[in-house]
Amino acid sequence: MGVQLMGITHAKQKLQRSLSAKIAGVLATSNVPRGHIAVYIVGEGYRKRCIIPIAYLNHPLFKGLLNRAEEEFGFDHPMGGLTIPCSEECFASLTSFLSTTS
């Protein structure tokens, strides 16, 4: 009886940790405006979260960046968002260009 109770307690703790992680993920994405997506740009030693319009995802230049991200990170994104290997300056130039062409 004591062994079962300890097993139930352990399972309950794991479930609570899992649920709190999922809730934290939802809260982190809740401040993204409708029609936008959060992406993480990753360079040497840094990671920065950026919010971009979903329309950017269809642009050929951005698709090239997404292909590079797929090659480097695959489809498993442990941060919960789209991870893009790019310098901050390069990403700023790209999004600036895309905002003028949209």
Side-chain angles (χ1 to χ4, degrees):
M1 179 75 146
V3 174
Q4 284 183 330
L5 186 58
M6 285 178 56
I8 292 171
T9 303
H10 183 66
K12 183 179 175 185
Q13 288 172 344
K14 285 182 95 172
L15 180 61
Q16 286 174 335
R17 275 186 251 139
S18 173
L19 289 174
S20 65
K22 288 181 182 178
I23 290 169
V26 169
L27 292 176
T29 59
S30 66
N31 60 354
V32 177
R34 187 177 190 95
H36 290 71
I37 185 172
V39 297
Y40 294 90
I41 55 172
V42 179
E44 291 186 31
Y46 69 88
R47 176 183 80 196
K48 182 175 182 180
R49 183 174 185 255
C50 299
I51 308 295
I52 61 166
I54 291 175
Y56 287 6
L57 300 177
N58 287 326
H59 195 281
L61 290 175
F62 205 86
K63 284 184 181 181
L65 195 56
L66 292 175
N67 287 336
R68 186 172 149 206
E70 178 187 359
E71 289 172 8
E72 190 159 329
F73 296 108
F75 293 110
D76 183 27
H77 300 282
M79 288 183 277
L82 184 59
T83 306
I84 298 175
C86 184
S87 71
E88 193 171 347
E89 295 81 23
C90 176
F91 191 79
S93 296
L94 177 63
T95 55
S96 176
F97 174 76
L98 293 177
S99 69
T100 60
T101 60
S102 297

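All values below were derived from every heavy atom in this structure, side-chain atoms included, with hydrogens, water molecules and symmetry-related copies excluded.
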Engineer: Provide the full list of salt bridge (Lys or Arg N to Asp or Glu O under 4.0 Å) pairs with a residue in residues 52-64, sequence neighbours left out, each pair given once.
Structural biologist: none
Engineer: Could you go through the side chain to side chain contact (heavy atoms under 4.5 Å, CB included) check for H36 and Y56 one step at a time?
Structural biologist: CA-CA 9 Å; H36 290 71; Y56 287 6; over 6 Å; no
Engineer: Salt bridge (Lys or Arg N to Asp or Glu O under 4.0 Å): which pairs involve residues 34-46, sequence neighbours left out?
Structural biologist: none
Engineer: Evaluate the side chain to side chain contact (heavy atoms under 4.5 Å, CB included) criterion for residues I37 and V32: first the C-alpha distance (whole Å), next the side-chain angles of each, then the deciding distance (0.1 Å), finally the verdict.
Structural biologist: CA-CA 7 Å; I37 185 172; V32 177; 5.5 Å; no
Engineer: Give the C-alpha distance, both sets of side-chain angles, the deciding distance and a yes or no for side chain to side chain contact (heavy atoms under 4.5 Å, CB included) between V39 and I51.
Structural biologist: CA-CA 6 Å; V39 297; I51 308 295; over 6 Å; no
Engineer: To the nearest 0.5 Å, how far apart are CG in L98 and CG in L61?
Structural biologist: 6.5 Å
Engineer: Test of understanding: clusters of I, L, V, M, F, W, Y form through side-chain heavy atoms closer than 4.5 Å, transitively. Do L65 and Y46 belong to the same one?
Structural biologist: no
Engineer: Step by step, work out the side chain to side chain contact (heavy atoms under 4.5 Å, CB included) result for F62 and I52.
Structural biologist: CA-CA 11 Å; F62 205 86; I52 61 166; 3.4 Å; yes
Engineer: Side-chain atoms of residues 85-95: list all donor-acceptor pairs with protein atoms under 3.5 Å, sequence neighbours left out, distances to 0.1 Å.
Structural biologist:
from	atom 1	to	atom 2	distance (Å)
S87	OG	C90	N	3.1
E88	OE2	K48	NZ	2.7
S93	OG	E89	O	3.1
T95	OG1	F91	O	3.0
T95	OG1	A92	O	3.2

Engineer: In Å, rounded to the nearest 0.5 Å, how long is the span from CZ of R49 to OH of Y40?
Structural biologist: 5.0 Å
